[in-house]
Amino acid sequence: MNKKLTSFLVENNFSLEQEGAYSYINDYQVSIGQDRMQNAIYGSMDTVIQIYSHLEIEQMDAIKGYLKEMKKSLSITKYEVTQIGVCFVIVKHYDTLLDRIKQITSYMISQNAKNKEYCPVTGDPLDEETKKKLYYNNLVIFLNAVSVDIINSQIEQEEEEFQAAPNNYAKGLLGAFVGGALGAIVWVVLGALTGIISGWIAFLIAVLAGLGYDKMKGKPTHMKFVFSAIATLIYAVVSMFVIYILLVRSLMITEGISGNPVSLLFELVSIDEEVRSGFIMDMVLSLFFGILGIGFSYLQMRKSFHQKQEKLK
């Protein structure tokens with residue numbers, strides 16, 4: 001955890017654990033942790049706050065409406081309301097975090113949402129002597145024994161459903177190349193019009209390839225990254241080659257030269273040292289930008305990879 005968050009937790013008497021921290025605010029279980037997979041490119045980490053409460057459908061709807069209305073004033077980047085409580089994400093503003101948690105829990109009280117005296121999963125009274133402190137979704141949670149069995153059954157069922165689902169790798173590969181093509185078109189158009197190599201577009205290609213993979217229902221495994229990487233590298237090189245062809249064609253039109261721009265490009269590369277060195281350098285740069293884009297996109301997409309959930313013990 002970063003220093004500001006750790007300072008906040010210590011000052012407000014949170015119990016610090018290896019996986020995060022927890023406390024009771026307005027008589028609700030509150031767990032806090034940081035997600036290292038989010039915002040990796042920008043060097044920051046999302047702070048995840050979970051307020052546990054067994055919620056009924058009507059309560060969930062009311063709390064969702066409240067958070068939607070108050071999202072900006074509460075400085076929340078995203079939120080989720082489920083049957084086990086409220087989860088929201090912030091990036092900074094730790095100095096007002098306690099007030100925001102109190103504000104949300106106060107609204108939950110107004111909706112008669114069950115507090116720490118009740119199990120977040122079953123809604124049954126939580127016996128102090130038999131309750132279990134566990135890690136669920138990388139956060140501390142207190143549950144009764146029945147809840148542990150319920151969650152473990154859900155984890156087992158979800159894993160079985162994932163393993164039984166079709167891979168759709170062929171469709172995912174097609175989606176990756178179709179999505180990546182959109183980014184490649186942007187690269188070619190910008191390069192042909194300005195003559196500038198915009199390396200950040202390699203990241204755009206990788207991201208769009210990943211989105212295309214998802215759109216075609218490819219299975220969320222590391223194959224998503226593999227296919228996106230292949231598409232990005234191919235498009236990075238092909239795009240640069242197409243840019244050169246278009247630039248040569250433009251030159252031919254300006255100079256009134258007839259012929260095949262591809263043939264002329266290879267002829268210029270073979271006989272002109274300056275053109276050859278520039279061509280090779282741009283191809284190397286396109287590969288470099290492609291690899292860079294792949295690396296950045298991996299940091300963003302790995303969150304979507306399927307990870308087998310460990311059963312609660």
Side-chain angles (χ1 to χ4, degrees), residues 40-43 167-216 218-219 221-302 304-305:
I41 290 179
Y42 308 105
N167 291 329
N168 284 336
Y169 287 147
K171 290 183 178 179
L173 178 62
L174 175 62
F177 272 87
V178 171
L182 299 177
I185 291 172
V186 174
W187 194 341
V188 169
V189 171
L190 189 62
L193 292 177
T194 66
I196 298 174
I197 303 172
S198 300
W200 63 270
I201 299 181
F203 174 60
L204 176 64
I205 293 174
V207 170
L208 291 176
L211 291 175
Y213 180 92
D214 293 337
K215 193 70 174 179
M216 295 298 288
K219 206 165 187 177
T221 67
H222 281 78
M223 291 306 295
K224 174 182 177 180
F225 169 70
V226 172
F227 291 157
S228 298
I230 292 172
T232 301
L233 289 177
I234 290 176
Y235 280 130
V237 173
V238 171
S239 297
M240 187 55 61
F241 184 69
V242 172
I243 289 172
Y244 261 86
I245 292 174
L246 293 176
L247 291 175
V248 169
R249 183 175 180 276
S250 177
L251 177 63
M252 291 173 65
I253 294 174
T254 302
E255 299 296 330
I257 302 173
S258 61
N260 188 325
V262 177
S263 300
L264 181 57
L265 172 61
F266 281 119
E267 183 178 345
L268 289 172
V269 169
S270 64
I271 64 175
D272 192 309
E273 176 62 30
E274 185 177 352
V275 174
R276 180 166 57 252
S277 61
F279 179 78
I280 293 174
M281 178 59 69
D282 285 340
M283 283 299 176
V284 171
L285 284 174
S286 68
L287 283 173
F288 171 76
F289 288 135
I291 293 171
L292 207 61
I294 290 168
F296 284 157
S297 66
Y298 175 75
L299 296 175
Q300 293 294 309
M301 72 170 60
R302 64 178 180 174
S304 65
F305 297 158

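Residues take their numbers from the sequence shown, with the count starting at 1.
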Exercise for the section: Not counting sequence neighbours, which residues clear side chain to side chain contact (heavy atoms under 4.5 Å, CB included) with I294? List them please. Expected result: F225, A229, T232, L233
Exercise for the section: Drop me the distance from M283's CE to L285's CG, to the nearest 0.5 angstrom. Expected result: 11.0 Å
Exercise for the section: Starting at CG of L204, measure out to CG of L182 and round the result to the nearest 0.5 Å. Expected result: 8.5 Å
Practice task
Would you please indicate yes or no on a ring centroid separation below 6.0 angstrom for F177 and F227?
Solution key: no
Problem - Spatial distance of atom OG (S263) from atom CD1 (I245) [nearest 0.5 Å] - result: 9.5 Å
Exercise for the section: Measure the CE-CG distance between M240 and L287 for me, rounded to the nearest 0.5 Å. Expected result: 9.5 Å
Completion exercise
side chain to side chain contact (heavy atoms under 4.5 Å, CB included) filter on V248, not counting sequence neighbours, yields M252, P261, L264, L265
Exercise for the section: If a pair satisfies salt bridge (Lys or Arg N to Asp or Glu O under 4.0 Å) and one of its residues is in residues 268-281, list it, with sequence neighbours excluded. Expected result: E273-R276
Exercise for the section: Go through the structure and list residues passing ring pair (Phe, Tyr, Trp, His ring centres under 6.0 Å) with Y169, not counting sequence neighbours. Expected result: none
Exercise for the section: Scan for salt bridge (Lys or Arg N to Asp or Glu O under 4.0 Å) pairs involving residues 246-271, sequence neighbours excluded, and state none if there are none. Expected result: none
Exercise for the section: Using side chain to side chain contact (heavy atoms under 4.5 Å, CB included) as the criterion, list what pairs up with F266, not counting sequence neighbours. Expected result: F241, V262
Problem - Student check: side-chain heavy atoms of I243 and W187 closer than 4.5 Å - result: yes
Handout entry: Approximate separation, where rounding is to 0.5 Å, of M223 CE and S228 OG
Key = 10.0 Å
Exercise for the section: Can you see which heavy atom on S286 is nearest to which on V237, and at what distance? Expected result: OG-CA, 4.1 Å
For residues 206-214, which side-chain donor-acceptor pairs fall under 3.5 Å, sequence neighbours excluded?
| residue | atom | partner | partner atom | Å |
| --- | --- | --- | --- | --- |
| Y213 | OH | K219 | N | 3.3 |
| Y213 | OH | K219 | O | 2.6 |
| D214 | OD1 | K224 | NZ | 3.3 |
| D214 | OD2 | K224 | NZ | 2.8 |

Handout entry: Any residue meeting side chain to side chain donor-acceptor pair (under 3.5 Å) with Y298, in chain and number order, not counting sequence neighbours
Key = none
Exercise for the section: Any chance you could measure Y244, atom OH, to D282, atom CG, to the nearest 0.5 Å? Expected result: 3.5 Å
